[in-house]
Asks: 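Sharing a structure with you now.
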Amino acid sequence: MDPWGGYPRPVPDIRVYRAAFAPAVVALFIAAFSLGDRPSAITTPFAPGFDGSRAFDSMRQLGDAFPDRPAGSGADRALAARVAESFRANGFRVSRRTDSARTVGGSAKLETVVGVRPGLSSRRIVVMAHRDARGSPALAELSGTAALLEFARVFKVRDLSST
C-alpha cells in the first residue's frame, strides 16, 4: 500500500532548510560576541549606596534621643552637635553658625550646621534638612535629618591609599 496515496513522494526543498537555519546562525553570532570580554565594573571612592532602612533606623534613634526639640532649645542644639559629629566622622569639614530668629515660640538662637566634602570640581551640591519640631517625638520632621546623615555616610571620604 502506498502511504502517499499515489502522489509523488515529497522531496525536501533545501531552500526551506537554509531559511530556517539563517536565524540560528545570527543568534549564534550575537551570542559569541556578547560573551566576550566586558569592561570591569566602575569603582568609586564612596561608601556603598544609600540605605533607606539604615536611614529609617537612624531616624528612630534620633527620635528616641531627642524627642522634644523646639527650635533653639537645648535638645535642638544637642542634635545639631550630633549632626556635626556625624559629618566630621565621615570626613566633612564642619562649620556651625548661630543666628537669632523669630520662631513660633518667640525669639530664639538657631544653629546651622554645614558640612562640606572636598570634591573633584568646584561645583557644589546642597542638601538641607531641619531638625526642630513643635511636637514630640516628631519622627517625620527627623526623616530629612536622617536622610542627610545617610548621604554623609554615602559620600564619606575614604582613604584611597589603603585600597
Side-chain angles (χ1 to χ4, degrees), residues 23-24 26-163:
V26 170
L28 182 65
F29 185 76
I30 291 171
F33 281 101
S34 67
L35 296 176
D37 290 338
R38 293 181 181 212
S40 62
I42 297 173
T43 59
T44 175
F46 302 135
F50 188 91
D51 185 351
S53 62
R54 187 181 202 142
F56 184 79
D57 291 342
S58 175
M59 177 188 68
R60 287 233 186 251
Q61 291 169 359
L62 292 173
D64 290 343
F66 307 100
D68 188 29
R69 53 189 188 286
S73 68
D76 183 37
R77 285 190 302 277
L79 181 53
R82 171 87 61 97
V83 169
E85 175 186 316
S86 179
F87 283 168
R88 278 191 198 93
N90 287 304
F92 286 72
R93 278 192 340 251
V94 176
S95 64
R96 295 167 75 173
R97 185 180 84 198
T98 303
D99 294 302
S100 292
R102 194 169 42 164
T103 68
V104 291
S107 184
K109 293 199 179 275
L110 305 178
E111 187 167 3
T112 302
V113 179
V114 177
V116 177
R117 180 198 176 279
L120 299 176
S121 98
S122 60
R123 294 181 177 178
R124 295 187 183 205
I125 298 172
V126 176
V127 182
M128 301 181 347
H130 71 91
R131 303 175 308 270
D132 60 338
R134 288 185 68 190
S136 175
L139 293 181
E141 285 80 356
L142 277 177
S143 62
T145 300
L148 183 67
L149 296 179
E150 181 62 11
F151 276 124
R153 185 195 66 80
V154 169
F155 290 106
K156 179 177 184 173
V157 179
R158 196 172 82 189
D159 181 11
L160 297 177
S161 61
S162 63
T163 58

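Because the structure is predicted, anything quoted here is derived from the model rather than measured.
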Asks: List the steps, then state whether side chain to side chain contact (heavy atoms under 4.5 Å, CB included) holds for L148 with F87.
Replies: CA-CA 10 Å; L148 183 67; F87 283 168; 3.8 Å; yes
Asks: Locate the shortest heavy-atom distance separating A55 from A146; write the atom from each residue and the value.
Replies: O-CB, 3.3 Å
Asks: Any ring pair (Phe, Tyr, Trp, His ring centres under 6.0 Å) involving residues 59-86? Give me the pairs, sequence neighbours left out, ordered by first then second residue.
Replies: none
Asks: Got V26 and P23 here, is their nearest side-chain heavy-atom distance under 4.5 Å?
Replies: no
Asks: Between S100 and K109, does the side chain to side chain contact (heavy atoms under 4.5 Å, CB included) criterion hold? Intermediate values first, please.
Replies: CA-CA 4 Å; S100 292; K109 293 199 179 275; 3.5 Å; yes
Asks: Is a donor on one side and an acceptor on the other found under 3.5 Å between the side chain of R77 and the backbone of G72?
Replies: yes
Asks: If every non-hydrogen atom of A147 is compared with every non-hydrogen atom of F50, which pair is closest and at what distance?
Replies: O-CE1, 3.7 Å
Asks: I need the L149 CG to S58 OG distance, nearest 0.5 Å.
Replies: 5.0 Å
Asks: Using side-chain heavy atoms (C-beta onward) and a distance below 4.5 Å, is D76 in contact with E111?
Replies: no
Asks: Is there a donor-acceptor contact under 3.5 Å from the side chain of R153 to the main chain of G49?
Replies: yes
Asks: Looking only at atom types and distance, does a side-chain atom of E150 sit under 3.5 Å from a main-chain N or O of D51, one as donor and one as acceptor?
Replies: yes
Asks: Please report the closest heavy-atom contact between R82 and A65, naming both atoms and the distance.
Replies: NH2-CB, 3.9 Å
Asks: Would a distance-only check, ignoring hydrogens and angles, find a side-chain to backbone donor-acceptor pair under 3.5 Å from R96 to A84?
Replies: no
Asks: Considering non-hydrogen atoms only, spot the tightest contact between R117 and F155 and give its length.
Replies: NE-O, 2.7 Å
Asks: Between T145 and L62, what is the shortest heavy-atom contact and its length?
Replies: CG2-CD1, 4.2 Å
